[in-house]
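Notes follow once the structure below has been shown.
Start at 1 and go down the list; that is how both ligands and their atoms are numbered.
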Amino acid sequence: MRDEPSILHLDLDAFFAAVEQRDKPSLRGRPVVVGGLGPRGVVSTASYEARVYGVHSAMSMGEARRRCPQAAFLAPRFAAYREASGIAMDLLRLLSPRVEQLSIDEAYVDLAESGRRPLDRDGVAAVGAEVKRRIHGATGLTASVGAGTSKLIAKIASDLRKPDGLVVVPPGDERDLLRPMQVTRIPGVGKATADRLAGAGVRTIAELERLSSGELTGLLGTAHGGGLYRLARAEDDRIVTPERESKSISVEDTFDRDVTDPAFLRSTSDRMAAKVTERMVHAGLAARTVTVKVRLFDFSTHTRSYTLPAATDEPSVVARIARQLLGEVDTSDGVRLLGVGVAGLVAYGAQPELWLDETTVADATAEETATVPRLSTGADVEHAEHGHGWVVQADAARVVVRFETRATGPGRTLTLRRDDPALTVSSALPA
Ligand SMILES: [Mg+2]
């Protein structure tokens, strides 16, 4: 175990929404919700102003619109997010060669490799404050930083004072910090694990600490139970490893008993598709291939996959394909394990205007390949006379554009004809 709080975790605050508020001055201080705008879209990020109304990531867009109808609902602009993320990550890499990027807006840094000393509480706090200042200066965005003697503690600490937080947990304070927290604060403890623990009367980490190693592995299996036994005691010596690009994302679940109910299998498949898509979107990626893995009662394993002509990040499209693939396997005698995954991952930003809307992709799955560019709400446009703006609303005939950039104040809106020759969808970022 480390004896200095040399592991730093940085998390950009409400990242997608913050980039939108930065680039669209009229939305600063207002509720903003970024996510899929299709009928079954899911929230990727809500601004803090929208969170006040109970809007949060992974919620359905329909629910978000009911809770906060006055919010601006925007399609993601991954090119802008990746640019900001790249700058922040580069600044972290200047600090230390050991940076492990977890997602588009989160990373660990091992300060022991940074050459910075002393790495006591004040020294680490100074490094954290400096990196926050640099990132804000270069991107206009705020980040929250946590630091401690392990990845676990650093990650939990960065979440304690969001947004714009900075928390260094001194060595020796780890277990007192953890004890009152809900078990779900431990990364990797999801709903299924939390439910199982709650069944054993365990809700807080203090209660988790009272279970023996044998009780925990009995409840959760050897790997997960053993891991959790150590994490509950803040025993975490995982090292910071510069990460490889993920080639695929998948989730799978082994059932307590063989499942034969087709409705249950379909709803499980839908839930897994939603989860996989959420992780993919958070990583700034879209997928061309959807895969389903089914292990039957006799332990035979069957995988089916389907590759789309264009990448998608629509949960409903991934869910529909997963259901079709599941339907190709004979599950009537019972399923032990079901998994849904995506592969053929591509970063979505290269052509932010080429959002394939749901009907286009649905047509594509029906072997039609025509794709039509769509003006999503929030997309960047350029007008020969009026300059840079973004789409507030669009239909087949008209588009409402607000003309403003990061550097201007709030701009005015104009209604233009969709076929206005002076209007182009811009892939370049505003200066
Ligand atoms: Mg974040």
Query raised in the report: Between Glu100 and Lys151, does at least one N-O distance fall below 4.0 Å, as a salt bridge requires?
Result: yes

Report summary line: Answer key: the N, O or S atom of Asp11 nearest to the Mg ion (ligand 1) is OD1

**Report entry** Which N, O or S atom of Asp105 lies nearest to the Mg ion (ligand 1), by name
**Finding:** OD2

Report task. May I ask you to decide whether Glu174 forms a salt bridge with Arg233, counting only side-chain N to carboxylate O separations under 4.0 Å? Result -> no

Query - Test ring pair (Phe, Tyr, Trp, His ring centres under 6.0 Å) applied to His386 - qualifying residues, sequence neighbours left out - result: His383, Phe403

Query raised in the report: Is the distance from the Mg ion (ligand 1) to the nearest N/O/S atom of Glu106 under 2.8 Å?
Result: no

Query raised in the report: Do the side-chain N and O atoms of Tyr81 and Glu20 include a donor-acceptor pair separated by under 3.5 angstrom?
Result: yes

Requested in this report: Flag Leu12 as yes if one of its N/O/S atoms falls below 2.8 Å of the Mg ion (ligand 1), otherwise no.
Outcome: yes

